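Below is one structure; the comments refer to it alone.
A note on names: the letters A, B, ... follow the listed sequences, proteins ahead of strands, and every chain is numbered from 1. Everything quoted here is computed from the prediction, not taken from an experiment.
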There are 2 protein chains.
Amino acid sequence: MKWKALDAEPCSIARTLSFVGDRWSLLVLRDCFLRVRRFEEFQRRLGVTRHILADRLKRFVEAGILSRVAYQTSPERHEYVLTQKGLELYPVLMAMARWGDAWMDDGAGPPLRYRHRPCGHHFTPVMCCSECGEPLDPRAVTVEPGPGLGSEDAQLLPPARQNPAS
Amino acid sequence: MKWKALDAEPCSIARTLSFVGDRWSLLVLRDCFLRVRRFEEFQRRLGVTRHILADRLKRFVEAGILSRVAYQTSPERHEYVLTQKGLELYPVLMAMARWGDAWMDDGAGPPLRYRHRPCGHHFTPVMCCSECGEPLDPRAVTVEPGPGLGSEDAQLLPPARQNPAS
DNA sequence: TGACAAAGTTCCAAAAAGGAACTAACATCA
DNA sequence: TGATGTTAGTTCCTTTTTGGAACTTTGTCA
């Protein structure tokens with residue numbers, strides 16, 4: 001399977017990976033959420049090669065994840081800001097931040113802490129059920145075919161039981 | 001910045017990406033959550049080249065994300081199962097699945113649906129505040145330096161305001 | 001005029017991924 | 001006994017993607 005084929009897979013994870021399936025894409029998005037907006041600042045902060053950065057920004061703009069807006073004319077300069085589509089990638093980033101805090105700590109504690117302004121507390125992000133609000137345990141979730149799964153793709157489903165956990 | 005340097009960054013997202021910062025890693029994990037366990041089955045389902053698959057499985061085992069357990073002797077055969085560390089990557093995958101369902105739908109609807117066994121409903125995963133339980137809006141979250149952020153890394157913080165959103 | 005800045009682009013070398021065939025260690029079948 | 005099959009890899013070579021550094025364009029400022 002090639003890069004290009006990912007967005008045609010009957011799997012929302014694979015389709016999402018067609019945009020964020022490499023480390024630079026996600027680090028660029030991380031910086032977007034930290035309010036970085038300009039080419040030079042992404043480059044300075046990330047240390048990414050300039051043509052890779054240019055490529056990723058272009059792809060994000062084409063995908064509607066970032067929008068490229070002029071902040072001055074003569075010479076024209078643009079900055080990159082998250083669209084709604086981009087903003088909704090926040091849970092992906094927060095899930096990674098949470099896992100890194102839990103499992104990649106070098107002993108110094110978390111590099112960043114997050115405060116939820118509405119309630120005022122430091123928090124950790126928790127993935128919850130939209131219906132009952134309880135935290136999700138992978139062993140308590142059952143996978144079922146959805147309308148977007150072609151009948152010939154049914155082998156993508158879990159083999160024996162219908163339960164997606166270890 | 002090279003691959004290897006990622007896990008030394010003072011950023012939990014970057015550290016997490018040192019394991020899941022490529023598409024095959026995440027697709028392998030997706031299949032793990034769908035109860036795929038054996039080399040041949042990963043290979044058949046993913047279409048990934050065999051040596052890439054072997055490499056990713058080895059890295060996951062070394063990282064403690066998967067464990068390699070024998071399921072028969074003579075000849076010895078092993079299968080790969082998620083550890084607790086691996087299971088806790090579930091929110092990352094679910095966040096991607098959710099975003100793909102919302103933004104990469106080809107018109108056919110979601111390929112998979114998820115049912116929360118404790119409450120019995122189909123659901124979507126929602127990232128919530130651990131303290132108040134409310135869904136997280138990126139614009140309502142403030143970032144602060146944590147104990148693991150060296151003073152020389154303070155420039156990683158948001159530039160002007162302390163608010164990580166667009 | 002010369003230096004500086006932002007946002008890219010170009011060129012070449014190095015690293016990673018794709019593709020296909022090959023290997024090891026057994027089991028089973030004719 | 002030899003041929004074939006299965007699982008889990010490994011090896012070799014080609015193609016694609018990155019990394020690194022220099023260069024370009026369009027304009028400002030001193």
Within the structure shown, what part of the strands sits under 4.0 Å from [X] by heavy-atom distance: base, sugar-phosphate, or nothing?
X	result
B:F42	nothing
B:R56	sugar-phosphate
B:R68	sugar-phosphate
A:T49	base

Below 4.0 Å: OP1/OP2 of [N] and any side-chain N or O of [X]:
X	N	result
A:Y71	C:dA7	yes
B:W24	C:dA16	no
A:S74	D:dT28	yes
A:Y80	C:dG8	yes

Taking [atom1] from [X] and [atom2] from [N], how many angstroms apart are they, rounded to a whole number?
X	N	atom1	atom2	value
A:L46	D:dG20	CG	C1'	16 Å
A:R59	D:dT18	CZ	C1'	14 Å
A:D22	D:dT16	CG	P	18 Å
A:R37	C:dA6	CZ	P	17 Å
A:R23	C:dA15	CZ	P	13 Å
A:D55	D:dG20	CG	P	17 Å
A:E79	C:dG8	CD	P	12 Å
A:Q72	D:dG27	CD	P	11 Å

Of all the choices, [options], which nucleotide is nearest to the side chain of [X] once you look at every atom?
X	options	value
A:F39	D:dT28, C:dG8, C:dC11	C:dG8
A:R77	D:dA8, C:dA7, C:dG19	C:dA7
A:E40	C:dA6, C:dG18, D:dA8	C:dA6
A:H51	D:dC12, C:dA27, C:dT9	C:dT9
B:R38	D:dG20, D:dA8, C:dG18	D:dA8
B:R50	C:dC11, D:dT10, C:dA6	D:dT10

Using the six-membered ring wherever Trp is involved, compare the ring planes of A:F123 and A:Y114 and label them parallel, tilted or perpendicular (cut-offs 30° and 60°).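 The arrangement is tilted - the two ring planes meet at 30° to 60°.
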First locate atom [atom1] of [X], then atom [atom2] of [Y], and finally report the distance between them rounded to the nearest 0.5 Å.
X	Y	atom1	atom2	result
A:L34	A:E41	CG	CD	10.0 Å
B:R56	B:L27	CZ	CG	11.0 Å
A:W24	A:R59	CH2	CZ	15.0 Å

Lys/Arg-Asp/Glu bridge criterion (N-O < 4.0 Å) met for A:E40, A:R50: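 Salt bridge between A:E40 and A:R50, a charged N being under 4.0 Å from a carboxylate O: yes.
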Check: B:R37/B:Y80 side-chain N/O donor and acceptor closer than 3.5 Å: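 No.
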